[in-house]
Chemist: 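Below you will find the structure I want to go over with you.
Counting starts at 1 for both ligands and their atoms, following the listed order. Atom set for the values below is all heavy atoms of this structure, side chains included, hydrogens, waters and symmetry mates excluded.
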Amino acid sequence: MGIQIAPSILSADFARLADVAAAVEGHADWLHVDVMDNHFVPNLTIGLPVVESLLKATGLPLDCHLMIADPDRWAPAYAEAGAGSVTFHAEAAHAPVRLARELRRLGSRAGLGLKPATPVEPYADLLPELDMLLLMTVEPGFGGQPFLDVVLPKVRRARELLDRHGGQVWLQVDGGISPETVERAADAGADVFVAGSAVYAAADPGAVVDGLRAAAEARSAARRA
Ligand code: DX5
Ligand code: ZN
């Protein structure tokens with residue numbers, strides 16, 4: 001699949017979401033939608049009704065990142081609504097295998113998210129049930145936080161696990177991704193990059209997406225050479 005870029009609308013103007021999506025259409029692979037419930041994380045954003053409206057307003061597939069408690073109960077509705085990818089958190093899920101299978105059955109890709117301090121190794125055997133592993137490179141909850149370099153060794157270990165597993169599981173990094181940090185993350189083996197403030201604080205969000213992709217592609221090619 002190569003390198004993919006998923007701009008996060010968290011740092012954009014929530015009153016103009018159709019325009020926010022249009023600003024990166026033709027540049028981005030996904031639109032990353034951060035759903036927060038004020039329980040799993042100390043912040044509250046948007047939920048299913050807004051996702052349903054966004055699906056009608058953009059041609060970009062939606063990458064729904066659920067930072068919510070009890071995803072076993074709430075996540076399937078996002079797949080049913082038509083989200084292309086639904087990621088739930090390992091720290092919140094009660095039955096991750098059952099939930100991942102349910103998301104896939106409903107036609108979505110299934111993603112598993114890990115906070116910075118959650119190790120990846122306990123989930124190695126679950127990889128065949130997943131389409132994506134999301135490693136948070138900030139504590140989830142807010143945009144605009146500095147990239148946590150301490151997560152990079154875990155990104156490398158996850159890359160090794162995924163390569164050994166031999167499947168087609170994507171490795172996403174989320175938090176603090178910018179032109180300054182994207183190369184470090186690509187060098188560690190990430191292939192899907194979420195960027196919120198770096199994209200939407202810029203005058204030309206599409207150009208930032210293109211720049212992130214070019215930088216990540218160059219590092220990724222060098223890593224595999
Ligand atoms: C944080 C969210 C991220 C956030 C990233 O909890 O999951 O997707 O939007 O924002 P930046 O790129 O500004 O760190
Ligand atoms: Zn996110």
Side-chain angles (χ1 to χ4, degrees), residues 4-14 17 20-21 23-24 27-47 50-51 54 60-69 71 74-75 78 83-93 108-118 131-152 154-155 170-186 190-202 205-209 211-213 215-216:
Q4 300 183 76
I5 310 292
S8 163
I9 61 172
L10 184 61
S11 303
D13 181 352
F14 276 14
L17 288 181
V20 161
V24 294
H27 301 271
D29 300 281
W30 297 85
L31 200 62
H32 183 87
V33 179
D34 289 304
V35 175
M36 304 186 188
D37 68 350
N38 212 15
H39 292 278
F40 181 69
V41 289
N43 195 7
L44 184 65
T45 56
I46 56 171
V50 176
V51 166
L54 253 180
L60 279 170
L62 299 190
D63 172 30
C64 292
H65 177 194
L66 307 184
M67 285 158 278
I68 61 173
W74 303 110
Y78 291 82
S85 178
V86 177
T87 296
F88 59 89
H89 267 266
E91 303 87 352
S108 164
R109 297 176 62 85
L112 182 75
L114 304 181
K115 299 206 283 184
T118 304
D131 299 297
M132 186 165 80
L133 192 61
L134 181 171
L135 300 185
M136 292 297 309
T137 41
V138 298
E139 289 296 344
F142 300 93
Q145 304 179 74
F147 182 81
L148 292 176
D149 282 280
V150 291
V151 180
L152 285 172
K154 181 166 71 174
V155 178
W170 298 346
L171 182 55
Q172 183 177 67
V173 282
D174 181 9
I177 298 295
S178 71
E180 289 71 47
T181 60
V182 68
E183 295 184 336
R184 263 128 74 193
D191 53 13
V192 187
F193 300 82
V194 176
S197 49
V199 169
Y200 283 111
V208 176
V209 171
L212 290 172
R213 186 191 305 282

Chemist: Any luck finding a side-chain donor-acceptor pair between H65 and D63 under 3.5 Å?
Modeler: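 Not at all, the side chains of H65 and D63 share no donor-acceptor pair under 3.5 Å.
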Chemist: Does A198 come within less than 4.0 angstrom of ligand 1, counting non-hydrogen atoms of the residue?
Modeler: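 A198: no contact with ligand 1 (<4.0 Å).
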Chemist: Measuring from non-hydrogen atoms of F147 to any atom of ligand 1, is the shortest distance under 4.0 Å?
Modeler: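 For ligand 1, residue contact (heavy atoms, under 4.0 Å) with F147 is absent.
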Chemist: Can you find an N/O atom of G196 closer than 3.5 Å to an N/O atom of ligand 1?
Modeler: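 N/O-N/O distance below 3.5 Å exists for this pair.
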Chemist: Which one holds for S197 and ligand 1: side chain close, backbone close, both close, or neither close, with close meaning a heavy atom under 4.0 Å?
Modeler: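 Answer for S197: both.
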Chemist: Can you name the one residue among L135, D34, V192, V138 that meets side chain to side chain contact (heavy atoms under 4.5 Å, CB included) with D174?
Modeler: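 Among the candidates, only D34 passes.
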Chemist: Validate the cation-pi geometry between R109 and W170: distance from NZ or CZ to the six-membered ring centre under 6.0 Å, angle to the ring axis within 45°.
Modeler: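 The answer is yes; both the distance and angle limits are met.
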Chemist: Any idea how many protein N, O or S atoms are nearer than 2.8 Å to the Zn ion (ligand 2)?
Modeler: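 Under the 2.8 Å cut-off, the count stands at 4.
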Chemist: With under 30° as parallel and over 60° as perpendicular, where do the rings of H89 and F40 fit, or are they tilted in between?
Modeler: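 Tilted, since the angle between the ring planes falls between 30° and 60°.
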Chemist: Any idea which atoms of ligand 1 are less than 4.0 Å away from a heavy-atom of D174?
Modeler: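 Heavy-atom distances to D174 below 4.0 Å select 2 (C), 3 (C), 4 (C), 5 (C), 7 (O), 8 (O).
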Chemist: Test your reading of the structure: does G144 have an N or O sitting under 3.5 Å from an N or O of ligand 1?
Modeler: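 N/O-N/O distance below 3.5 Å exists for this pair.
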Chemist: Quick one: which ligand 1 atoms are inside 4.0 Å of a heavy atom on F142?
Modeler: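 Atoms satisfying the 4.0 Å criterion: 1 (C), 6 (O).
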Chemist: Between M136 and V151, is there a side-chain heavy-atom distance shorter than 4.5 Å?
Modeler: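 They are not in side-chain contact.
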Chemist: Give yes or no for whether the N/O distance cutoff of 3.5 Å, strictly under, is met between G141 and ligand 1.
Modeler: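 Between G141 and ligand 1 (N or O atoms, distance only) the closest approach is under 3.5 Å.
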